[in-house]
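Each chain gets a letter, A, B and so on, in the order its sequence line appears, and its residues count up from 1.
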2 protein chains.
Amino acid sequence: MSKSLELTPVQTVACCSPLMSEPISTESADRIAPLLKALADPVRLRLLSLVGAHADGEACVCDLNDAFDLSQPTISHHLKVLHEVGLLDREKRGVWVYYRVNAAALADLAGLLGRGVR
Amino acid sequence: MSKSLELTPVQTVACCSPLMSEPISTESADRIAPLLKALADPVRLRLLSLVGAHADGEACVCDLNDAFDLSQPTISHHLKVLHEVGLLDREKRGVWVYYRVNAAALADLAGLLGRGVR
DNA sequence: TCGGGACATCGACGTTCATCTATGTCAGGA
DNA sequence: TCCTGACATAGATGAACGTCGATGTCCCGA
């Protein structure tokens, strides 16, 4: 045999997720589920993506409203949901309100699901 | 100019998420949201984790029922939800049913949120 | 000081969801 | 052949959710 350097390839594909290494506690599940729930909506997914991909990493609500066929209160509601779980930061400048993605919060979620890099 | 080898360091922190590089399409959002919705429940998070962390990577329903203070049909319902979106594979052997995590599906989700490593 | 525009909050309405009890299906043992 | 145990399905119920129109709040310019 060849030095047994063969790291089982199947393991490298999608292993290392904290979710798979050991059963998560009830407390962790209760803490993480609301974050996923906030993301688990097509409109909020697009909102987060629109904000994150926007120039300077921030977007004005007025820009976001135009991207959807939804009423202004509805968009405001979705932004509030994302803000309350900490995925979006909010800053008011003059008359306008700017939202910005909380990259750390998003990275935490990704780390939980995916490869446990750090 | 100096060969322009300076990759903006701030980008390497929590960038590279497909979500942040460019706005995702409505179609992508509609396709991904149900996956996140399936995960966005404390019970289903723990179920996935229990199955994934179980010996041999698979778990019998009878084992899972005991881990919760919920009725057997409720657990069966949650397993069905996870199975229908492709996060859990299902195999019946004799009287027992075994579930197994679909690592590829989970990795896809992680790749969307986190670092875009492949 | 007033008016208008940007955004949030409120209250309502229909839909979806998590959970339960009751019942069905199916495989294996007596 | 019948019974028991493992798991799924069906139907019901209360809670949570997404969306809306109406209204409130706040800032700025005239």
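At the phosphate of D/dC27, neither OP1 nor OP2 sits under 4.0 Å from any side-chain N or O atom of A/Lys92. The phosphate of D/dA8 (OP1 or OP2) has no side-chain N or O of B/His83 nearer than 4.0 angstrom. In terms of phosphate contacts, B/Arg90 brings no side-chain nitrogen or oxygen within less than 4.0 Å of OP1 or OP2 of D/dC7. Taking only side-chain nitrogens and oxygens, A/Thr74 never comes nearer than 4.0 Å to OP1 or OP2 of D/dG18. OP1 and OP2 of C/dC7 both lie 4.0 Å or more from every side-chain N or O belonging to A/Ser76. Between B/Ser71 and C/dT19, a side-chain N or O to OP1/OP2 separation shorter than 4.0 Å is absent. Look at A/Arg93 and you won't find any side-chain N or O under 4.0 angstrom from OP1 or OP2 of D/dC27. Under 4.0 angstrom from either OP1 or OP2 of C/dA18 there lies at least one side-chain N or O belonging to B/His77.
Among the heavy atoms of the strands lying under 4.0 Å from B/Asp41 are primed sugar atoms or P, OP1, OP2 only; no base atom is included. Here B/Tyr99 lies in heavy-atom contact (under 4.0 Å) with sugar-phosphate atoms only. Nucleic acid contact for A/Ile75: none, since no nucleic acid atom lies under 4.0 Å from a heavy atom of the residue. No contact: A/Tyr98 has no heavy atom under 4.0 Å from any strand.
Closest approach to the A/Val95 side chain among D/dG18, D/dA8, D/dC27 is made by D/dC27 (side chain taken as heavy atoms from C-beta onward). Across D/dC7, C/dC7, D/dC17, the shortest atom-to-atom separation from the side chain of B/Trp96 is found for D/dC7.
With rounding to whole Å, B/Leu64 atom CG is found 14 Å from D/dA6 atom P. Counting to the nearest Å, the P atom of D/dC20 and the NZ atom of A/Lys80 are 17 Å from each other. Atom pair B/Leu70:CG and C/dA18:P shows a separation of 12 Å (rounding to whole Å applied). Between the CG atom of A/Asp66 and the C1' atom of C/dG5 there is a distance of 14 Å, given to the nearest Å. A straight line from NE2 of B/His78 to P of D/dT9 spans 15 Å, rounded to a whole angstrom. For the pair A/Phe68 CZ and D/dC20 P, the computed distance is 12 Å after rounding to whole Å. Regarding B/Asn65, its CG atom lies at a distance of 14 Å from the C1' atom of C/dC20, rounded to whole Å. If you take CG of B/Leu47 and P of C/dA18, they are 12 Å apart, rounded to a whole angstrom.
Taking CG of B/Asp41 as the reference point, atom CG of A/Asp30 lies at 9.5 Å (rounded to 0.5 Å). Taking CG from A/Leu50 and CZ from A/Arg44, the interatomic distance works out to 14.5 Å, rounded to the nearest 0.5 Å.
The backbone N or O of A/Glu58 sits nowhere less than 3.5 Å from a side-chain atom of A/Asp56 that would complete a donor-acceptor pair. When atom types are taken as modelled, the side chain of A/Arg46 and the backbone of A/Phe68 share no donor-acceptor pair closer than 3.5 angstrom.
Taking for each of A/Gly94 and A/Val81 the nucleotide of DNA chain D with the nearest heavy atom, the 5'-most of the two is the partner of A/Val81.
If you check distances only, the side chain of A/Gln72 does reach the base of C/dA8 with a donor-acceptor pair under 3.5 Å.
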Evaluation steps, side chain to side chain contact (heavy atoms under 4.5 Å, CB included), between A/Leu112 and A/Asp108: CA-CA 6 Å; A/Leu112 179 104; A/Asp108 281 352; over 6 Å; no

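Of the residues B/Leu106, B/Leu47, B/Asn102, B/Leu79, the one that meets the side chain to side chain contact (heavy atoms under 4.5 Å, CB included) test with B/Leu88 is B/Leu79.
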